[in-house]
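Nothing fancy with the numbering, it's 1 onward along the sequence.
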Amino acid sequence: MMKKNLQDILYKSGLLKVVGEIDREISFVTMDSRQAKEGSLFVAVKGTRVDGHDFISKVIEANVAAVICEVLPQNTTAEVTYVQVKDSSVALGIIASNFYDKPSGKLNLIGVTGTNGKTTTVSLLFRLFMSLGFKVGMLSTIENRINNEVMPSTHTTPDPISLNSLIHDMVEAGCEYAFMEVSSHAIHQNRIAGLEFKVAVFSNITHDHLDYHKTFKEYITAKKKFFDDLESNAYALVNLDDKNAGIMIQNTVARTRTYALKSMADFKAKVIENHFDGMLMDVDGIQFYSLLSGDFNAYNILAVYSTAKLLGFSATEILEKLSSLSGAEGRFQIIRSEKKKAFAVVDYAHTPDALLNVLKTINGLRTRNEKLICVVGAGGDRDKSKRPEMAEIASRLSDMLILTSDNPRTEDPEEILKDMMMGVDPAKKSKTLVISNRMEAIKTARNFAQLGDIVLVAGKGHEKYQEINGVKHPFDDKKILEELFELD
């Protein structure tokens, strides 16, 4: 069991006042009152739904050693040390880092943020550096990994305690590099406070998460904070083709570098040929074939290449390894039907821009008069404004559209579908079906698919569940399609 002195783990945490003995041994750090136990440090964080300050009296009963809070309780006890800080969420990240011996500074930590492309970029980086012979860690939407050990992922970016614990385990396992997705929620909630990044990558920013951030400006500000907080010895690597790239780095003290397909940048690439099974690219003057398809993946590949270059690797060794790597699970994954010679594409696209990119890629790769059937929904309890936009894009760029349920969560699936139908042009309604049951929607798409046709099932990608009224039911788009196509 790890134990630390309270005074040591409060280093740079922004403390304002200490009531009680600061020279105390701490055996455990938690922000969850249910996990509080004797000898632990409880950090009272004001969350989006609950305020940890409301549970201070409860953790006192559990014999915690110390409490971190923004507002000191009126009644204190001599057995407990109370530490007042300016911002508990920031303090939590710094304290977690201190408790686990500042693990992010003991390896090369690379963070990737942006609306789309985070998972593919991080997955490719992880596999690239594994293939280069390094011990590597990964924190992603799909899974967390320490070398070949796989751990389930519950959030794109974990809470600060889990995050530092995982990075500490990576260091203990000998990892020299760690690659992580950095979500806007995590940045805004200070989950990455106290971490030392070697490279911070910005992919793009488009319409998403406005249920949380409320406005697009707030969403941009959250992403920008990641780069504002970098140290001067870090690199800030941004996609110059995104119109908000300059905003991301306007206040950073980090060393800035750029990559692009269309603009003059530090790292440049272009797509020469594009096929369903891969594409030929020119990367910094070197021709290179990738197993991934589409311009959106060209950006992901270039981000990976640029990051590896900044970390000191040569173009030839990077591209040689990248040429054999496939994409992340649930990202433009193809399932073929040998009898019908039709195939399906499973993709995580759950934002208007991501869906647009996937549909444009498929349409750009079609060589005959294949019919494109799109199955898509929208998540419940999330940004409602993107629902009609996604339906408009899907109805415009596919030959047949089937609107269905995604993860309705606590919302009525039928109401979500009504929101989506608002975006379908009246002239496109004749080619649009509404089938709430996702299984039936996928089956219907498969039945309509004829020789050479393409079925796109979008929105859930790698997910192995469908969340309905707080319950996660087993559901796997890819597995369902594989089983259906075996029946052909």
Side-chain angles (χ1 to χ4, degrees), residues 110 112 116-134 136 138 142 179 201 203-204 237 239-241 258-336 338 341 343-349 354 357-368 370 452 454 456 461-462 478:
I110 290 82
V112 181
N116 303 311
K118 296 189 297 296
T119 302
T120 297
T121 301
V122 165
S123 296
L124 285 173
L125 279 165
F126 174 82
R127 282 179 281 154
L128 169 64
F129 277 73
M130 284 280 282
S131 67
L132 287 169
F134 293 97
V136 190
M138 179 177 75
I142 296 176
F179 305 99
V201 183
S203 61
N204 53 63
L237 175 65
N239 172 11
L240 199 56
D241 287 340
T258 59
Y259 67 96
L261 296 182
K262 302 173 184 175
S263 312
M264 289 303 297
D266 296 308
F267 303 103
K268 192 85 170 63
K270 64 179 179 180
V271 178
I272 300 170
E273 295 178 9
N274 218 337
H275 310 280
F276 277 111
D277 294 322
M279 60 184 161
L280 180 65
M281 296 176 63
D282 180 294
V283 180
D284 276 350
I286 302 172
Q287 287 202 1
F288 146 79
Y289 194 85
S290 170
L291 298 176
L292 282 67
S293 304
D295 284 355
F296 63 96
N297 271 323
Y299 280 108
N300 296 332
I301 289 165
L302 185 54
V304 171
Y305 169 82
S306 305
T307 300
K309 282 280 285 182
L310 291 176
L311 291 170
F313 295 87
S314 71
T316 52
E317 62 184 329
I318 297 167
L319 296 176
E320 180 187 350
K321 298 297 184 183
L322 271 178
S323 64
S324 64
L325 301 181
S326 56
E329 183 184 5
R331 272 64 174 175
F332 212 80
Q333 274 195 293
I334 294 175
I335 297 99
R336 297 185 183 277
E338 289 304 319
K341 300 300 180 184
F343 65 89
V345 177
V346 174
D347 197 273
Y348 188 54
N357 284 334
V358 171
L359 285 166
K360 284 175 66 176
T361 295
I362 294 173
N363 281 320
L365 296 177
R366 288 202 271 176
T367 56
R368 299 183 292 107
E370 310 100 328
I454 304 160
L456 169 64
H462 67 282
K478 179 173 174 284

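- A pairwise comparison of heavy atoms in M281 and I301 identifies SD-CD1, 4.0 Å as the closest pair.
- Separation of atoms CZ (F296) and CG (N116) is listed at 9.5 Å; rounding is to 0.5 Å.
- Classification of the F179-F129 ring pair by plane angle, with boundaries at 30° and 60°, yields tilted.
- At least one donor-acceptor pair closer than 3.5 Å links the side chain of K268 to the backbone N or O of L261.
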- Starting from the C-alpha separation in whole Å, work towards a yes-or-no answer on side-chain contact (heavy atoms from CB on, under 4.5 Å) for N300 and R331. CA-CA 12 Å; N300 296 332; R331 272 64 174 175; over 6 Å; no
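- Classified by interplanar angle (parallel below 30°, tilted 30° to 60°, perpendicular above 60°), the ring pair Y348/H462 is tilted.
- Between F332 and D347, the closest heavy-atom pair is N-OD2, 2.7 Å.
- Across all non-hydrogen atoms, the minimal contact from I454 to R366 is CD1-CG, 3.7 Å.
- Summarising the geometry of S326 relative to L291, their closest heavy-atom pair is N-CD1, 4.3 Å, with the distance given to 0.1 Å.
- The one candidate from L237, L125, V122, V304 that meets the side chain to side chain contact (heavy atoms under 4.5 Å, CB included) condition with V201 is L237.
- Shown here for S123 and A328, the closest heavy-atom pair between the two residues is OG-CB, 3.7 Å.
- The shortest non-hydrogen separation linking K478 to V346 is CA-CG2, 4.0 Å.
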- Message: Apply side chain to side chain donor-acceptor pair (under 3.5 Å) to residues N239 and S203 and explain how you reach the verdict.
- Response: CA-CA 6 Å; N239 172 11; S203 61; over 6 Å; no
